[in-house]
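Below you will find the structure I want to go over with you.
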There are 2 protein chains.
Amino acid sequence: MTEQEIAAVLERAEHLCRGRGARLTQQRRTVLRLLCASDKPLSAYELLDRMRGCIKNPAPPTVYRALDFLLEHGLVHKLESLHAFVGCAHPEHTHAGQFLICSDCGDVSELEDSAVAKSLQAAGKAAGFRMTRPVVELIGTCAHCDGGKQT
Amino acid sequence: MTEQEIAAVLERAEHLCRGRGARLTQQRRTVLRLLCASDKPLSAYELLDRMRGCIKNPAPPTVYRALDFLLEHGLVHKLESLHAFVGCAHPEHTHAGQFLICSDCGDVSELEDSAVAKSLQAAGKAAGFRMTRPVVELIGTCAHCDGGKQT
DNA sequence: TAACGAAACGTTATAAAATAACGCGCATGT
DNA sequence: ACATGCGCGTTATTTTATAACGTTTCGTTA
């Protein structure tokens, strides 16, 4: 994300939290900013390393607490298959996103494909299942890495 | 799974491995059997505990190696969001299954919903993404636990 | 059948990811 | 001012997963 995009995300996050009576503290803001600034998902411990610049003596609970808050408020996503986190590209949206994870270059892109969302919803409903959190991570090779090798 | 179902799974696994020139060793068979016999997903370490009955001094690599083999051959699935494993209900199928995970009772059921599979395939294709492994885990409340509380 | 090479396994150690538990301090409202 | 709850610091521990290296087992081929 560019500096400007990050600023916009922080702005939106601020607004969203204010509206909910939630406190976007310095550390939480820092974690969100670091995630947005990274071009790759970050593990909690990578995040921890990067926090050393801004915060004095961060320990694991510091980063996990911030992540818990941000996850609750839909500002970041956890990629379960990578044990890593990314800033949410669409914080206003519904949080039924899907992730394309390139196992070659490590790039991740977030989709909000309504056909996928609907089919998942339908499949759950058919089983009488009330869905609270869909985890959809497609692991494979991105267009760039696949480059011309495949039709 | 019932004893008979487990026997059938082991039989199929045997056959499948033979056909591929892969060796379904005693330990691998044991891990597969234990997973099938459990009514819940098992973590690697729970599995390790249960192996103590059958195998002398199992250490983590023992169970992880068996799991790697079984995963490669599509005989078990890993539930990324739970750090746990289940026996595959449909070892003959395509391995694009979806999982419904009840966060209330812990029960997991495996689907093979073709509408979901197709929409995922389509979404990936639209992004030029070549998918090798879909991770689809729907977290929520199963019909039983939701029991009457919801329309 | 003896020798070989690959695959499977035993073992010890360590890395990586996540949480428990406890107390302090600060902001918020009464 | 005071009480309450939330956020945070800190230490320790638990849980999950892998590295590294030597030994054994198995199937193949000479």
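These numbers come from the heavy atoms of this one structure, side chains and all, not from hydrogens, waters or symmetry mates. Naming: A, B, ... by sequence-line order, numbering from 1 per chain.
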Query raised in the report: Rounded to the nearest Å, what distance is computed from the CG atom of residue B/L24 to the C1' atom of nucleotide C/dA7?
Result: 15 Å
Query raised in the report: With a cut-off of 6.0 Å (strictly less than), are more than 12 heavy atoms of other residues, nucleotides or ligands near NZ of B/K118?
Result: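 It does not: B/K118 NZ has 12 such atoms or fewer within range.
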Report summary line: Winner on side-chain proximity to A/Q27, out of C/dT11, D/dG9, D/dT10, is D/dG9
Query raised in the report: Once you round it to whole Å, what is the distance between C1' of C/dA8 and CG of B/N57?
Result: 17 Å
Query raised in the report: Within the structure shown, what part of the strands sits under 4.0 Å from B/P61 by heavy-atom distance: base, sugar-phosphate, or nothing?
Result: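 Result for B/P61 = base.
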Each nucleotide N or O in nucleotides 15-18 of chain C that has a protein N or O under 3.5 Å away: list the pair and distance.
| residue | atom | partner | partner atom | Å |
| --- | --- | --- | --- | --- |
| C/dA17 | N7 | A/Y45 | OH | 3.4 |
| C/dA18 | OP1 | A/K78 | NZ | 2.8 |
| C/dA18 | OP2 | A/Y64 | OH | 2.9 |
| C/dA18 | O5' | A/Y64 | OH | 3.3 |
| C/dA18 | N7 | A/Y45 | OH | 2.6 |

Query raised in the report: Nearest-Å distance, CZ (B/R18) to P (D/dC26)?
Result: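 Atom-to-atom, B/R18 to D/dC26, this comes out as 15 Å.
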Query - Whole-Å gap separating P (D/dT18) and CG (B/D68) - result: 7 Å
Query raised in the report: How close or far is atom P of C/dT12 from atom CG of B/L48, stated in whole angstroms?
Result: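 That distance rounds to 14 Å.
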Query raised in the report: Under 6.0 Å between the ring centres of A/F99 and A/H77?
Result: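 Close enough - the centres of the two rings lie under 6.0 Å apart.
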Requested in this report: Would you kindly give the CD1-to-P distance between A/I55 and D/dG9, to the nearest whole Å?
Outcome: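 Going from A/I55 (CD1) to D/dG9 (P), I get 7 Å.
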Report task. With A/E14 as reference, evaluate A/R23, A/R33, A/R29 under the salt bridge (charged side-chain N to carboxylate O under 4.0 Å, His left out) test and give the passing residue. Result -> A/R29
Query raised in the report: So which one's nearest nucleotide on DNA chain D is more toward 5', A/R23 or A/K56?
Result: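 Nearest nucleotide further toward 5': that of A/R23.
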Query raised in the report: What nucleotide, of D/dG9, C/dA7, D/dA20, holds the atom closest to the side chain of A/R65?
Result: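 Minimum distance to the A/R65 side chain belongs to D/dG9.
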Query raised in the report: With respect to the side chain of B/T25, which nucleotide from C/dC9, C/dA27, C/dA20 is positioned closest?
Result: C/dC9
Query raised in the report: To the nearest angstrom, how far is A/M51 atom CE from D/dT10 atom C1'?
Result: 15 Å
Report task. For B/R29 and C/dA8, give me the distance from atom CZ to atom P, rounded to whole Å. Result ->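 Going from CZ in B/R29 over to P in C/dA8 covers 14 Å.
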Report task. For residues B/L138 and A/V135, determine if any side-chain heavy atom of one lies less than 4.5 Å from a side-chain heavy atom of the other. Result ->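 No, every pair of side-chain atoms sits at 4.5 Å or beyond.
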Query raised in the report: Looking at A/R133 and A/E80, does any basic side-chain N land under 4.0 Å from a carboxylate oxygen?
Result: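 Yes, A/R133 and A/E80 are salt-bridged.
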Query raised in the report: So how far is it from A/L35 CG to A/L70 CG, rounded to the nearest 0.5 Å?
Result: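 That separation rounds to 7.5 Å.
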**Report entry** Distance test, side-chain N/O of B/R28 to OP1/OP2 of C/dA8, below 4.0 Å
**Finding:**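 For C/dA8, OP1 or OP2 has a side-chain N or O of B/R28 closer than 4.0 Å.
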Query raised in the report: Looking only at side chains, do B/S81 and B/E137 share a donor and an acceptor under 3.5 Å apart?
Result: yes
